[in-house]
Amino acid sequence: MDKQVKNITVAGAGPVGALLSVMLAKQGYKVDLFESRVDSRKASIYQGKSINLALSDRGWLALQAVGLDDKIREHAIPMYCRVMHDLAGNLTKQPYGKEGQAIWSVSRAGINEQLISLAEEEPLIDVHFEHHLTQLDFDTLNSEFSTKEGESKQHQSDLLFGADGAFSKVRRLAQELPRQRISYSLEYMPQSYIELTIAPNQDGSHKLEKNALHIWPRKAFMLIALPNADGSFTCTLFLNHEGELSFQSLDSKEKVTQFFEDNFADALPLLDNPVDEFMQKSASPLCLVHIYPWVVNNKVGLIGDAAHAMVPFYGQGMNCGFEDCRILNELIQSHDHNWEQILAAYQAERKPNGDAIIELAKRNFVEMSDLSGDSNFLLRKKIESEFNRMYPQLWVPLYSMVTFSPHQSYSSALTTGDIQNEIMDEIMQLDNIHQEWQSPHVYQLLHKLVLEKLER
């Protein structure tokens, strides 16, 4: 082990920070894990934040590395398909992948608490709740934390990771450094969101199909629902923050009631007091974070949302953060604990992939809110699925590359997906494609275009 690095600080004990701490401890490092909030096992801290997350293969691979995958799977619900609800209440199903492939609905609080409990079992980890980072010397790595008692605590370490989320304090302190060339952007999406709930039936069963992610796509806005183990669904309404139809404009019970009746008639009887909930809640923002570099002075690194906050429309935020941890963990081994090399390799590997999945997640809002109810889009997906069945080595749909191909990088998935899109644009221009999509000539042309464009 590199004698220079023995003690590592992790700022932020969310799922990514807790997982990273466990991995570092298993590599033999003494870890101090600091969290500004209270211990979520003793008090709820998740109001206003999604209490469901979609866990897919990249996340499972990282959890497997610390032996927590089976325990988390016990409380996770597989979602094998999207179920789209149109204005008239008609349902359309779209499988996420091949038979048996699923994304998993998991509790944010549950997964975080299991990871923190696992961290506390590690003798090399000390967890400190209600410690707010106030200062950080990027040369000496002396940090200062304020506690709930108003005390100021000094802490010294050899390396520090900022795993403290989209509004990272570590990142903000880095941006204030003189003579550091740091490029940074935080972009707010036009949409914000609030959470609503569908309660379970009296017998504890689900009111909608349990093993599916439900979407009410309405072009500029949408409602989604993810199943919980207790029979409920956590619903998220995404709507413009301001404008003609927005959280700001829906400012009375009458307007909100009309909005739900016009747009979500089949969901309205299922939702728990949606109008009152809408009126009482403040909409939470959606933002995208880009920053470079991710590593400062070869001593401080950003990881998870602190490095690449994204919108939730691909369900990859936590999966990408967990993948950051897994890749970093593997780099520790391959570079034999040489942290200068590890951090350089980590940044080179993860920055392009962070950028790629941010872009994909941003685009996917259009797919979920608009295209998922569109007949041309649904036909494209059918043709892609059939071609993938015929030539599994030649064509993997973009969603499967992102969600079910954990060893393929996000950046290569984005590049390949853009070429696939060009090819499918040509296919969809064929005469009578809606009637003739199963004809052999469609797949002969598709095969020819793939060999020309994708294989070159």
Side-chain angles (χ1 to χ4, degrees), residues 7-46 49-55 58-76 104 106-133 143 145 155 157 159-171 300-309 316-330 332 346 350:
N7 303 300
I8 301 178
T9 295
V10 177
V16 171
L19 177 63
L20 175 63
S21 298
V22 172
M23 288 180 167
L24 291 171
K26 287 184 182 298
Q27 293 273 15
Y29 295 99
K30 169 74 181 72
V31 180
D32 282 277
L33 175 59
F34 288 92
E35 172 55 54
S36 62
R37 298 169 299 182
V38 297
D39 185 346
S40 65
R41 294 166 299 180
K42 297 172 183 172
S44 177
I45 60 171
Y46 286 107
K49 277 198 164 187
S50 172
I51 60 166
N52 296 78
L53 296 162
L55 192 55
R58 294 173 196 270
W60 285 119
L61 200 59
L63 291 170
Q64 201 178 325
V66 296
L68 200 57
D69 51 321
D70 288 343
K71 198 172 178 184
I72 285 170
R73 212 179 289 268
E74 287 172 18
H75 303 285
W104 297 70
V106 295
S107 153
R108 174 194 286 269
I111 201 166
N112 200 173
E113 287 160 14
Q114 283 174 289
L115 281 163
I116 288 172
S117 296
L118 187 65
E120 287 183 335
E121 290 170 16
E122 290 286 338
L124 289 173
I125 300 177
D126 286 326
V127 186
H128 314 268
F129 290 103
E130 295 181 85
H131 278 63
H132 292 257
L133 179 65
S143 48
F145 294 86
H155 182 72
S157 58
L159 198 66
L160 183 143
F161 282 97
D164 49 347
F167 299 98
S168 166
K169 178 72 175 192
V170 174
R171 189 182 67 228
V300 176
L302 298 173
I303 196 163
D305 282 357
H308 51 63
Q316 287 296 304
M318 181 177 68
N319 291 288
C320 181
F322 280 6
E323 187 172 75
D324 291 344
C325 297
R326 179 180 67 81
I327 296 295
L328 182 70
N329 195 41
E330 291 170 2
I332 294 171
Y346 162 72
R350 298 306 296 160

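Positions are given from 1 along the sequence. Because the structure is a prediction, the values reported are computed rather than measured.
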So how far is it from [X] [atom1] to [Y] [atom2], rounded to the nearest 0.5 Å?
{"X": "H155", "Y": "N7", "atom1": "NE2", "atom2": "CG", "value": "7.0 Å"}
{"X": "E113", "Y": "D39", "atom1": "CD", "atom2": "CG", "value": "7.5 Å"}
{"X": "Y29", "Y": "I332", "atom1": "OH", "atom2": "CD1", "value": "5.5 Å"}
{"X": "L133", "Y": "K169", "atom1": "CG", "atom2": "NZ", "value": "6.5 Å"}
{"X": "M23", "Y": "E122", "atom1": "CE", "atom2": "CD", "value": "11.5 Å"}
{"X": "I72", "Y": "Q114", "atom1": "CD1", "atom2": "CD", "value": "4.5 Å"}

Determine, stepwise, if the pair D126 / K30 fulfils side-chain contact (heavy atoms from CB on, under 4.5 Å). CA-CA 8 Å; D126 286 326; K30 169 74 181 72; 3.0 Å; yes
Got [X] and [Y] here, is their nearest side-chain heavy-atom distance under 4.5 Å?
{"X": "L63", "Y": "L115", "value": "yes"}
{"X": "I116", "Y": "E35", "value": "no"}
{"X": "W60", "Y": "L55", "value": "yes"}
{"X": "C325", "Y": "V16", "value": "yes"}
{"X": "S157", "Y": "D32", "value": "no"}

How close do [X] and [Y] get, heavy atom to heavy atom, and via which atoms?
{"X": "P15", "Y": "I111", "result": "CG-CG2, 4.4 Å"}
{"X": "A62", "Y": "F322", "result": "CB-O, 3.4 Å"}
{"X": "A306", "Y": "G162", "result": "CB-O, 3.4 Å"}
{"X": "S21", "Y": "I125", "result": "O-CD1, 3.4 Å"}
{"X": "A11", "Y": "V170", "result": "CB-CG2, 3.9 Å"}
{"X": "L302", "Y": "S168", "result": "CD2-OG, 4.3 Å"}

Thinking salt bridges, do R350 and D324 make one under a 4.0 Å N-O criterion? yes
Salt bridge or not for R171 and D164, using N-O below 4.0 Å? no
Results of ring pair (Phe, Tyr, Trp, His ring centres under 6.0 Å) for H132 - residues two or more places apart only: none
State whether the side chain of N319 and the backbone N or O of A54 hold a donor-acceptor pair below 3.5 Å, judged by distance alone. yes
Would a distance-only check, ignoring hydrogens and angles, find a side-chain to backbone donor-acceptor pair under 3.5 Å from N112 to A13?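 Checking the backbone N and O of A13 against the side chain of N112, a donor-acceptor pair under 3.5 Å is found.
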Please work out whether the ring planes of F145 and F34 are parallel, tilted or perpendicular, with thresholds of 30° and 60°. parallel
